[in-house]
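Read the numbers this way: they start at 1 and go in the same order the structure lists the ligands and their atoms. Side chains are part of it too, since the values below use all heavy atoms of this structure and drop only hydrogens, waters and symmetry mates.
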Amino acid sequence: MSNDAEEPIIEVTDLVRDFHGRKVLNGVSFRVMRGDTMIIMGGSGCGKSTLLRHIIGSMKPTSGSIKLFGEEITTMHPSDLARIQRRFGVLFQSGALMQSMTVGENVALPILEHSKLAPDIVDLMVKMKLEMVGLTGFEHLKPAEISGGMKKRVGLARALALDPQLLFSDEPTAGLDPIMTSVVDILTQEMTRKLGVTAVVVTHDMVSAFRIGSRMIMLGTGPNQGKIIATGTPEEIRSHANLEVQQFIKGEPDGPVPLKLKKADYVERLLGQPRPSSKALS
Ligand SMILES: Nc1ncnc2c1ncn2[C@@H]1O[C@H](COP(=O)(O)OP(=O)(O)OP(=O)(O)O)[C@@H](O)[C@H]1O
Ligand SMILES: [Mg+2]
């Protein structure tokens with residue numbers, strides 16, 4: 001396989017995923033080049049995590065193609081998929097830590113799973129990754145004993161445990177304070193800019209998105225559900241003509257995605273029938 005810088009690390013073509021007759025992904029195509037930080041954005045429930053789950057091979061599409069490092073993964077044998085999965089790290093939206101294990105054991109998990117290193121080397125690697133995310137000294141605590149933001153950082157340390165060439169993060173900064181958000185952003189930037197790691201980051205955090213992103217895609221909602229409605233560099237997205245994109249990046253409550261709390265018809269919509277008496281509600 002060629003290491004040509006122009007060959008995409010990820011190539012998604014015409015991806016469709018149908019859940020019970022509803023197309024949550026409906027013809028999604030994009031490429032991610034080496035060293036890029038691709039931001040995936042879009043409203044809650046628009047399919048971002050579902051898209052990520054397909055790219056990491058944990059879900060199979062209804063149709064379409066996904067190539068990682070030039071190899072088609074949708075039809076791949078599980079043992080080949082495992083070989084590809086070893087080359088990337090994933091930070092899940094929920095953190096997905098093992099509750100019965102300590103912080104240190106959680107970070108060690110992928111190292112123990114994929115290598116036969118001596119325990120003191122594993123220990124050293126765990127300490128290095130925890131130091132990177134500012135959690136030195138927390139290795140003996142259980143997930144239940146640390147804060148939500150700390151769990152996120154443990155998840156990141158675990159995703160980085162095997163020095164991946166590709167990093168997937170689902171909402172890596174949700175629940176973090178602004179300083180920790182910068183720390184996580186800087187870590188991602190250092191990996192992509194200094195080490196040539198490629199990152200795919202799902203985020204609602206527009207400060208973070210514009211700070212770290214080199215390319216961006218936005219998934220639509222409503223009639224555009226499952227489709228990419230905008231793609232480009234951060235500058236192109238910032239000045240994008242699509243009003244749904246503008247509403248999203250500026251965080252405006254009403255726009256093409258309608259504000260659903262207009263007082264006049266609120267109760268009618270909830271009950272699915274005309275309001276019985278306006279007096280009863282005043
Ligand atoms: N396994 C599944 N079975 C059926 N429907 C699913 C499944 N997984 C996701 N969905 C549906 O797909 C849609 C997209 O979900 P997804 O979790 O990808 O959204 P999201 O964009 O990540 O949202 P958020 O920003 O809130 O995390 C939702 O309507 C969800 O109910
Ligand atoms: Mg999600």
Indicate the ring-plane relationship of H204 and F248, choosing parallel, tilted or perpendicular according to the 30° and 60° boundaries.
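Ring orientation of H204 relative to F248: tilted.
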Tell me whether V24 shares a hydrophobic cluster with M41, the cluster being built from Ile, Leu, Val, Met, Phe, Trp, Tyr side chains joined at under 4.5 Å.
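Hydrophobic grouping puts V24 apart from M41.
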Common cluster, M132/F168, ILVMFWY with side-chain heavy-atom separation under 4.5 Å
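Different clusters.
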D14 backbone acceptor or donor facing S29 side chain under 3.5 Å:
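Indeed, once roles are kept as given, a pair shorter than 3.5 Å links the two residues.
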Taking D36 for the side chain and M38 for the main chain, is one N or O donor matched with an acceptor at less than 3.5 Å?
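Judged by distance alone, no pair lies under 3.5 Å.
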Could you find the nearest protein heavy atom to [atom] and give me its residue, atom name and distance?
| atom | value |
| --- | --- |
| atom 1 (N) of ligand 1 | F19 CE2, 3.7 Å |
| atom 27 (O) of ligand 1 | Q93 NE2, 2.9 Å |
| atom 29 (O) of ligand 1 | R22 NH2, 2.8 Å |
| atom 17 (O) of ligand 1 | S49 CB, 3.7 Å |
| atom 26 (O) of ligand 1 | S44 OG, 2.5 Å |
| atom 12 (O) of ligand 1 | V24 CG2, 3.4 Å |

Within a distance under 4.0 Å of any heavy atom of H204, pick out the atoms of ligand 1 and give their elements.
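Result: 25 (O).
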List ligand 1 atoms under 4.0 Å from K48, heavy atoms only on the residue side.
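It comes down to these atoms of ligand 1: 18 (O), 20 (P), 21 (O), 22 (O), 23 (O), 24 (P), 25 (O).
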Enclosure of E131 CD (heavy-atom neighbours >12, cutoff 6.0 Å):
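Incorrect, the count does not exceed 12.
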Should G42 be listed as contacting ligand 1, given a heavy-atom distance under 4.0 Å as the test?
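The answer is no, since G42 has no heavy atom less than 4.0 Å from ligand 1.
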Could you tell me whether G45 and ligand 1 have an N or O pair separated by under 3.5 Å?
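By distance alone, the answer is yes.
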With nothing but distance in play, are any N or O atoms of L51 less than 3.5 Å from an N or O of ligand 1?
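No, since none of the N or O atoms of L51 sits under 3.5 Å from an N or O of ligand 1.
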Strictly under 2.8 Å, is any N, O or S atom of S49 next to the Mg ion (ligand 2)?
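Under 2.8 Å: S49 contacts the Mg ion (ligand 2) through an N, O or S atom.
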Measure the shortest side-chain to side-chain distance between F88 and L162 over non-hydrogen atoms and say whether it is less than 4.5 angstrom.
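Not touching, per the 4.5 Å side-chain cut-off.
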T74 side chain to E72 side chain, donor-acceptor N/O pair below 3.5 angstrom:
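Yes - a donor-acceptor pair under 3.5 Å links their side chains.
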Please work out whether any backbone atom (N, CA, C, O) or any side-chain heavy atom from C-beta onward of T50 is under 4.0 Å from ligand 1, and answer side chain, backbone, both or neither.
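The answer is both.
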Would you please test F138 and E145 for side chain to side chain contact (heavy atoms under 4.5 Å, CB included) and show each step?
CA-CA 10 Å; F138 288 92; E145 297 168 316; over 6 Å; no
Looking at atom 5 (N) of ligand 1, tell me if a protein heavy atom falls under 4.0 Å from it.
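Yes, at least one protein heavy atom sits under 4.0 Å from atom 5 (N) of ligand 1.
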